[in-house]
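Keep in mind that the numbers below use all heavy atoms, side chains included, and drop hydrogens, waters and symmetry copies. Per chain, numbering begins at 1; letters A, B, ... match sequence-line order. As the structure is a computational prediction, the values presented were derived from the model and not from experiment.
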There are 2 protein chains.
Amino acid sequence: MATMRDVAALAGVSAKTVSRVFNDDPHVRPETKERVDSALRELSYVPNTLATTFRSGRAPVIGVAVPDIADPFFGAIAKAIETLAAQHDMSVVITSLGDDGTREPRIVQSLLRQALSGLIIAPLSHDQSYLGSWTDRTPLVFVDRQPTGVLADSFTEDDHAGAHQATTHLVGHGHVRIGFVGDDASIPTTSGRLAGYRAALDEAGIEADDDLVALGAFDRASAAAACTALAGLADGPTALFSSNARATMSLVPLIRTGGLTVAGFGDFPMADMLTPAITVVDQDPAALGTLAAQRVLDRLAHPQRRYRRRTVLPVRLVERESCRSRAPRG
Amino acid sequence: MATMRDVAALAGVSAKTVSRVFNDDPHVRPETKERVDSALRELSYVPNTLATTFRSGRAPVIGVAVPDIADPFFGAIAKAIETLAAQHDMSVVITSLGDDGTREPRIVQSLLRQALSGLIIAPLSHDQSYLGSWTDRTPLVFVDRQPTGVLADSFTEDDHAGAHQATTHLVGHGHVRIGFVGDDASIPTTSGRLAGYRAALDEAGIEADDDLVALGAFDRASAAAACTALAGLADGPTALFSSNARATMSLVPLIRTGGLTVAGFGDFPMADMLTPAITVVDQDPAALGTLAAQRVLDRLAHPQRRYRRRTVLPVRLVERESCRSRAPRG
DNA sequence: TTGTAAGCGTTATCAC
DNA sequence: GTGATAACGCTTACAA
């Protein structure tokens, strides 16, 4: 690993001149540049990124913290971020937050210690006030979920409208007893979707029934458990609104056997190939990722400029077979 | 951001003593330690990771280079790596290689410049000789795909046996005209699976017919295109072996309409919920990721120790409906 | 145009 | 047990 000093020695100049040549500083005589260039080649000089980073005080790295990288939704967000970062010669450090919100602060702060150029986070916990001291040091952008307890940019999707649209769609098919299946109402996305679901019922003149709200659906087992209560009701649901893709995927075995009508928030692989194909509210994770990464880059390039803090992307209903039949007459 | 010097000044000691206290060096008098500790707390000292990293010459970071982070298979690998890395206070830098093998060297080398503690790669190109100069500097571990042109550790799955097993299974159901659908035979995994497919046919006394090998299946459109040739044959296939999960997923629309029997290499979300449910060779991406990350950590901890270069994990056939019917009588 | 000096924050070395 | 000094590789400020 040749250093600039090595190159300088070989070219018979100072390290500073090597630095100038390497960084295309015009204030170098052509013949000097040539000598240095050939020395650079001869030693096949590669800059020590660590040193440059240390000197500059900021790593050319964007941090990404999401609940689960293996989830196709967050994977798509991460991929979009990485693509944009690569175009700007930046790397991406990815961290999974897991499902325990209490570990979030520790994980995220250890990320931030690395003097990142920016952090993009889809938070898990219900309080990001621990980020307060970082906001003036590192551009901070929330995706998918709004921040709580801290002022920061956010790019989210219209949870309320999407849920409203899907629920209204189910109502339009004659359903009156519509269940809500989700993970955890304290997650901002889920609570927004629950509100949209309730608003749609309300507008349709249907009284919301909390017995029809089944939470705790994280995987197939817990989804089945969450639905047991619904199944036990005297006046059970004829349709379900599922509040996220993971929950919808977990519900698929139940849908197949139970013959329920379903609409879900969030598309997922093969949703259109199932029998029945699942109607979903289509999100655009790649757009979320791209916008978030672009905001980080913008904030780095123009620290003074002002930006709209909160951006909510529209969603759209993709109707598939799972909703094409009408509700059974009650 | 208080530095060690600040703490030292406050505690009335030298920076080195602060360093000793902070790093639990026992050679510090208890009363000195106490003074330093309280100064550390008072200034809420946080070490500058960049400086430590620079000093040590190696970033506590494991690089991960895969064709596509958003692919559930590689997402699962990445997640497993990240989990193990986090347990060792390391971060993970993830890069997508995309689908253009010629860009791989540039992308990977810019990763390696960051003085990583290790690199885990599922390569795209057919030649990794560009990694030769890095092997004695950075632990290098291949996952899913064998290296070419460079000596390095690898953890792969048994492509040949898996394909052999699946093809034999199809043969066992009475199929004689069995097609092979895949992406690119120059990718080592695909070529290994093609070989396993051919070997199984050979053992069954079925003559391999290259007309039945359809390559270029990357997404739904290209999969459909690749199958057009098969469909045009006078004596077309009654069953297909698909060489990877992405290809299998792309084939699903065709399977549904065409009534073909299918077995695929690689499980994927919802494969068991489709109609028909798809028989697959089950891989274990999480195991690949964990083993690879563990190897990186082992090589860091014990640079002298010798390891088995090549580890091939077994795979197992998961039989589902898509193969349960017998071939139509010819 | 080129070079010198200094410093980023941490830690290894070697005195005391 | 503690501290002064130097060093990691690069770049900014300033001098020549």
Side-chain angles (χ1 to χ4, degrees), chain A residues 1-40 43-61 89 110 112-117 137-138, chain B residues 1-40 43-61 89-91 110 112-117 137-138:
Chain A
M1 279 303 202
T3 73
M4 280 193 169
R5 295 170 112 87
D6 300 332
V7 178
L10 180 60
V13 298
S14 77
K16 178 63 216 180
T17 299
V18 177
S19 168
R20 278 193 262 259
V21 171
F22 193 79
N23 295 300
D24 291 320
D25 186 320
H27 301 291
V28 180
R29 239 191 315 165
E31 60 225 66
T32 310
K33 174 172 160 49
E34 191 137 338
R35 250 192 7 267
V36 172
D37 268 332
S38 79
L40 284 168
L43 297 177
S44 57
Y45 171 77
V46 178
N48 180 328
T49 317
L50 262 33
T52 314
T53 295
F54 170 52
R55 190 68 178 57
S56 79
R58 173 150 295 196
V61 173
D89 294 315
S110 91
L112 284 164
R113 269 197 236 320
Q114 307 181 33
L116 302 172
S117 290
R137 193 173 306 286
T138 307
Chain B
M1 280 305 202
T3 71
M4 280 195 167
R5 296 170 110 87
D6 300 330
V7 177
L10 179 60
V13 299
S14 77
K16 179 64 210 178
T17 298
V18 176
S19 169
R20 278 193 262 258
V21 171
F22 193 79
N23 295 301
D24 292 320
D25 185 320
H27 301 291
V28 179
R29 238 190 317 160
E31 58 225 66
T32 311
K33 174 171 161 49
E34 191 137 337
R35 246 187 18 264
V36 172
D37 268 331
S38 80
L40 283 168
L43 297 177
S44 58
Y45 170 77
V46 178
N48 181 326
T49 317
L50 261 34
T52 314
T53 295
F54 170 53
R55 189 72 185 42
S56 79
R58 174 151 296 200
V61 172
D89 295 314
M90 292 206 179
S91 305
S110 92
L112 284 164
R113 269 196 234 322
Q114 305 181 35
L116 302 172
S117 291
R137 191 172 307 284
T138 306

Taking the side chain as every heavy atom from C-beta outward, state whether B/Val13 and B/Arg35 have any pair of such atoms under 4.5 Å apart. yes
Any base atoms under 4.0 Å from A/Thr17, or only sugar-phosphate, or nothing? Heavy atoms, all strands. sugar-phosphate
For A/Ala8 versus A/Ser14, what's the shortest heavy-atom pair and its separation? CB-C, 3.6 Å
Treating A/Thr53 as the side-chain partner and A/Arg58 as the backbone partner, does any N or O pair qualify as donor plus acceptor under 3.5 Å? no
Minimum-distance pair of heavy atoms, taken over all atoms of A/Ser117 and A/Pro60: OG-CA, 3.8 Å
Measure the distance from NE2 on B/His27 to P on C/dT13 and round it to the nearest whole Å. 14 Å
Classify the ring geometry between B/Tyr45 and B/Phe22 as parallel (under 30°), tilted (30 to 60°) or perpendicular (over 60°). perpendicular
I'd like to know if the side chain of B/Asp25 reaches the main chain of B/His27, judged simply by a donor and an acceptor atom lying under 3.5 Å from each other, with no hydrogens or angles considered. yes
So, OP1 or OP2 of D/dT2: does either fall under 4.0 Å of a side-chain N or O from B/Thr32? yes
Write down the distance between CZ (B/Arg58) and C1' (C/dT11), rounded to a whole number of angstrom. 18 Å
For B/Leu50 and C/dC8, give me the distance from atom CG to atom C1', rounded to whole Å. 10 Å
Any idea which heavy atoms bring A/Leu10 and A/Leu43 closest together, and the distance? CD2-CG, 3.9 Å
If we only count heavy atoms from C-beta on, is the A/Val46 to B/Arg113 side-chain gap below 4.5 Å? yes
Per-nucleotide protein contact string for nucleotides 9-16 of chain D, where B marks a base within reach and S marks sugar-phosphate only (heavy atoms under 4.0 Å, - for neither): BBBB----
Students should find that the end-to-end axis angle of the helix from C/dT1-D/dA16 to C/dC16-D/dG1, with five pairs defining each axis and rounding to 10 degrees, is 50°
